[in-house]
Amino acid sequence: MSEVRTRIAPSPTGDPHVGTAYIALFNMCFARQQGGKFILRIEDTDQARSTPESEQEILDSLRWLHLDWDEGPDKGGDFGPYRQSERGEIYKEHANKLVDSGDAFYCFCTQERLDNLRKEQQENKEQPGYDGHCQALTPEQVKDNLDRNVPNVIRMHIPRRGSCVVNDMLRGEIEIDWHQVDMQILMKSDGMPTYHLANVVDDHLMGITHVIRGEEWINSAPKHLKLYEYFGWEPPVLIHMPLLRNTDKSKLSKRKNPTSIGYYKKMGYLSEAVVNFLGLMGWSMPSGPDEEGEELFSVQDMIDNFDIQRVSLGGPVFDTEKLDWLNGRYLREVLSDEEFIQRFGEWAFNPETTHQIVPLIKQRVERFSDVAPLAGFYFSGMPDIKTTDFEHKSLSQEDSVKILQFIAWAVEILPEWHRDRLEKLLMDMADQMDIKIRDFLSPVFIAIAGSSVSTSVIDSIAVIGKDITRARLRHAIGILGGVSKKGAKKLESEYRELDLK
RNA sequence: GUCCCCUUCGUCUAGAGGCCUAGGACACCUGGUUUUCAUCCAGGCAACAGGGGUUCGAAACCCCUAGGGGACGCCA
């Protein structure tokens with residue numbers, strides 16, 4: 001059999017996610033253990049949501065974790081380009097091939113018609129899906145529409161009867177009825193392919209032999225297998241990993257958990273510990289005859305002992321308590337004093353943040369000994385705060401929660417993380433909530449700096465960054481008793497009333 | 001709602017029909033070491049979702065039920 005090739009295919013539409021790193025780790029271990037190659041491909045076919053910044057951050061994060069790839073947009077390879085937005089012609093060509101062979105068809109249905117159709121189907125409790133309307137079009141009608149530049153998409157044909165057997169290396173045979181599968185859009189009206197087409201075409205063209213991905217893809221596997229069949233290609237081996245979970249067992253989400261890799265870096269975790277912890281999710285070192293498998297292991301150890309069959313299928317809860325313990329072991333058992341000094345220095349005193357912090361504290365100190373108390377919160381985890389710290393002459397506890405929650409939401413969609421942008425946002429918000437900025441910022445000081453005596457809170461937010469800001473706001477809201485489900489609804493509608501720019 | 005996946009201590013997991021009186025780790029509790037604390041060491045608490053089969057024998061294999069999760073987009 002030819003060389004094993006696996007890939008990680010992140011979509012640059014947000015913060016680098018630990019789930020991406022998780023899947024990357026298993027792809028990398030499998031490839032390395034098999035003596036194969038591990039490829040990075042950027043799936044940026046969603047033009048509305050993909051950003052170059054996000055791509056950069058994802059690459060940086062994966063690099064930080066040493067999940068190194070052999071081919072990718074940054075280092076090239078024989079199967080490029082490795083960014084889907086640069087492969088437009090390839091997809092077009094392949095989609096056309098399917099149209100010509102009769103395995104796909106043009107669809108001219110409007111968004112409105114599809115929305116109504118879906119609504120109707122849901123009301124009638126039918127399986128939502130395309131009704132095949134445009135399949136009935138004659139070649140002449142299609143040509144006519146095309147000539148008149150009617151907006152269109154290309155959809156794949158799906159058998160109406162029978163079922164598809166998906167063979168998963170870990171789960172065995174999974175049978176899914178074809179009538180559960182929609183006539184998937186392959187090419188969007190903007191000329192870009194959907195995930196399903198791009199993924200299949202690229203995996204084939206890039207020689208991917210094993211697709212290791214999240215469990216959420218099981219249900220669309222029939223579409224993918226059908227595409228391989230239409231093209232006359234041999235499908236890769238499919239392996240669906242369990243999904244990382246929140247404490248309540250739902251799919252890991254940033255609303256309930258810090259999911260950004262950047263958060264763990266900024267909180268002062270070692271990349272080795274983070275990767276090690278990820279390796280403990282659904283996998284374990286084999287035990288010897290008289291000893292249990294060691295839980296502290298390097299990526300190389302993991303590769304040396306890797307066996308994909310050892311993956312357990314129950315969705316692991318991403319509970320960082322064990323990560324804390326593991327990180328502590330790395331710090332005190334694995335790192336020498338010299339290494340500790342170096343690694344700590346790199347973390348705390350990198351020129352970028354130091355240059356931002358010094359001007360803020362310089363004007364407020366009289367001795368160097370004043371620096372640590374004043375700047376400590378920049379480097380700390382969550383501030384040690386109590387409900388009473390938020391007591392304020394004109395703000396109730398509910399007001400404080402509201403302010404913090406609104407900021408948390410607003411900050412989420414901020415296009416750029418810059419002090420002036422933040423300032424404008426907070427000023428705007430205070431103004432619209434009809435609260436004096438001075439009062440408005442009071443709970444923010446406590447949440448971010450742990451004290452009302454501190455450097456400018458807006459500058460502080462700018463320095464500590466989105467990940468830590470988000471975490472501290474969440475932490476403070478938690479201290480204040482949190483937001484109930486009902487309360488959240490009310491807050492959300494109030495929040496939507498605000499006109500924030 | 002329909003389909004699919006999953007199910008061992010609170011959490012991460014070991015377990016490939018007899019080695020299971022179910023093992024380890026985190027967390028928690030107790031004790032020891034330490035001027036304190038942390039570390040470290042010793043000990044403790046704590047689970048096979050339920051019910052039916054198959055078998056001499058089931059945590060493991062099969063079926064049903066329940067619970068959890070996921071998917072049902074011109075998102076990936």
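Both backbone and side-chain heavy atoms feed into the values below; hydrogens, waters and symmetry mates do not.
With sequence neighbours left out, the side-chain contact (heavy atoms from CB on, under 4.5 Å) criterion links Ser451(A) to Val453(A).
For the C1' atoms, the distance from U8(B) to A25(B) is 15 Å, rounded to whole Å. For the C1' atoms, the distance linking C19(B) with U35(B) amounts to 49 Å, nearest Å. Rounded to whole Å, the separation between the C1' atoms of A71(B) and U55(B) comes to 38 Å. With C1' as the reference atom, G1(B) and A58(B) are 37 Å apart, rounded to whole Å. Comparing the same atom, P, in U2(B) and in C61(B) gives a spacing of 28 Å after rounding to whole Å. Nucleotides C48(B) and U13(B), compared at atom C1', are 13 Å apart to the nearest Å. Atom name P, nucleotides G17(B) and A60(B): the rounded distance is 12 Å, in whole Å. Comparing the P positions of A22(B) and C37(B) gives an interatomic distance of 36 Å, to the nearest angstrom.
A salt bridge does not link Arg474(A) to Glu412(A): none of the charged nitrogens lies less than 4.0 Å from a carboxylate oxygen. One finds a salt bridge joining Arg148(A) and Asp144(A) here, because a Lys/Arg side-chain nitrogen approaches an Asp/Glu carboxylate oxygen to under 4.0 Å. Under 4.0 Å is where a charged nitrogen must lie from a carboxylate oxygen, and between Asp100(A) and Lys97(A) no such pair does. For Arg7(A) and Asp203(A), the salt-bridge test passes: some basic side-chain N is under 4.0 Å from an acidic carboxylate O. Ion pairing between a basic and an acidic side chain is recognised when a charged N comes within 4.0 Å of a carboxylate O; Asp304(A) and Arg32(A) show no such pairing. The pair Glu71(A)-Arg5(A) counts as a salt bridge, with a side-chain nitrogen and a carboxylate oxygen less than 4.0 angstrom apart.
Regarding contacts with the backbone of A76(B), every side-chain N or O of Arg41(A) stays at 4.0 angstrom or more from both OP1 and OP2.
Counting any heavy atom pair closer than 4.0 Å across all strands shown, Gln111(A) reaches a base atom. Val153(A) comes within 4.0 angstrom of a base, heavy atoms only. Cys164(A) comes within 4.0 angstrom of no nucleic acid atom, judged by non-hydrogen atoms across all strands. When heavy atoms are screened at a 4.0 angstrom cut-off, Ile185(A) is found touching base atoms of the nucleic acid. Using a 4.0 Å heavy-atom distance criterion, Thr13(A) is classed as making no nucleic acid contact.
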Under 3.5 Å, side-chain donor or acceptor atoms of residues 8-18 of chain A against the rest of the protein: list the pairs with distances, not counting sequence neighbours.
| residue | atom | partner | partner atom | Å |
| --- | --- | --- | --- | --- |
| Ser11(A) | OG | Glu43(A) | O | 3.3 |
| Asp15(A) | OD2 | Arg470(A) | NH2 | 2.8 |
| His17(A) | ND1 | Gly19(A) | N | 2.8 |

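A 3.5 Å limit on both hydrogen-bonding distances identifies no Watson-Crick or G-U partner for C37(B). Across the strands present, A49(B) finds its partner in U65(B); the criterion is a Watson-Crick or G-U wobble pair with both atom distances under 3.5 angstrom. Within the shown strands, C26(B) is the pairing partner of G10(B) under the Watson-Crick or G-U definition, both distances less than 3.5 Å. Taking a pair to require two hydrogen-bonding distances under 3.5 Å in either a Watson-Crick or a G-U wobble arrangement, U55(B) remains unpaired. Figure legend. C3(B) is base-paired to G70(B); pairs are counted as Watson-Crick or G-U wobble with both atom distances under 3.5 Å.
For the pair Met281(A) and Asp46(A), both in contact range of RNA chain B, the more 5′-proximal nearest nucleotide belongs to Met281(A). Each of Thr247(A) and Arg171(A) has a nearest nucleotide on RNA chain B; the 5'-most of these lies closest to Arg171(A).
Atoms CG (Asn219(A)) and P (A71(B)) sit 9 Å apart, rounded to a whole Å. If you measure from atom CG of Leu326(A) to atom C1' of U11(B), you get 14 Å, rounded to the nearest angstrom. Spacing between atom CZ of Arg245(A) and atom P of G67(B) amounts to 16 Å, rounded to whole angstrom units. One can place CD of Gln127(A) at 7 Å from C1' of C3(B), the figure rounded to the nearest angstrom. Regarding Met241(A), its CE atom lies at a distance of 16 Å from the C1' atom of G69(B), rounded to whole Å. Atom CD in Gln184(A) sits roughly 12 Å away from atom C1' in A71(B) (whole-Å rounding). Rounded to an integer number of Å, the gap from Glu173(A) CD to C5(B) P is 11 Å. Atoms CG (Leu244(A)) and C1' (C6(B)) sit 15 Å apart, rounded to a whole Å.
Between the side chain of Thr194(A) and the base of C74(B) there is no donor-acceptor pair of N/O atoms closer than 3.5 Å.
Proximity note for Pro316(A) (side chain, C-beta onward) versus C12(B), C6(B), C4(B): the nearest is C12(B). Here the side chain of Lys188(A) is nearest to one of C74(B), C5(B), G70(B), namely C74(B). The side chain of Glu321(A) sits closest to C26(B) out of G73(B), C3(B), C26(B).
Ring-centre distance between Trp409(A) and Tyr495(A): below the 6.0 Å cut-off. Centroid-to-centroid, the aromatic rings of Tyr22(A) and Phe318(A) stay 6.0 Å apart or farther. His94(A) and Trp233(A) have their aromatic ring centers within a separation under 6.0 angstrom.
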(message) Walk along nucleotides 14-24 of chain B from 5' to 3' and tag each nucleotide B, S or - by protein heavy-atom contact under 4.0 Å, base first, then sugar-phosphate.
(response) SS-------BB
(message) Across nucleotides 31-42 of chain B, 5' to 3', mark each nucleotide with B, S or - according to how protein heavy atoms within less than 4.0 Å reach it.
(response) --------SS--
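For the residue pair Pro236(A) and Ile208(A), the shortest heavy atom distance occurs at CB-O, 3.7 Å.
Near-neighbour residues of RNA chain B inside residues 248-256 of chain A, defined by a heavy atom below 4.0 Å, number-ordered: Lys249(A), Ser250(A), Lys251(A).
A ring pair (Phe, Tyr, Trp, His ring centres under 6.0 Å) check over residues 111-162 of chain A, counting only residues at least two apart or in different chains, returns the pairs Phe105(A)-His157(A).
Side chain to side chain, Ser250(A) and Arg245(A) fail the donor-acceptor criterion of an N or O pair below 3.5 Å.
The backbone N or O of Cys107(A) sits nowhere less than 3.5 Å from a side-chain atom of Arg155(A) that would complete a donor-acceptor pair.
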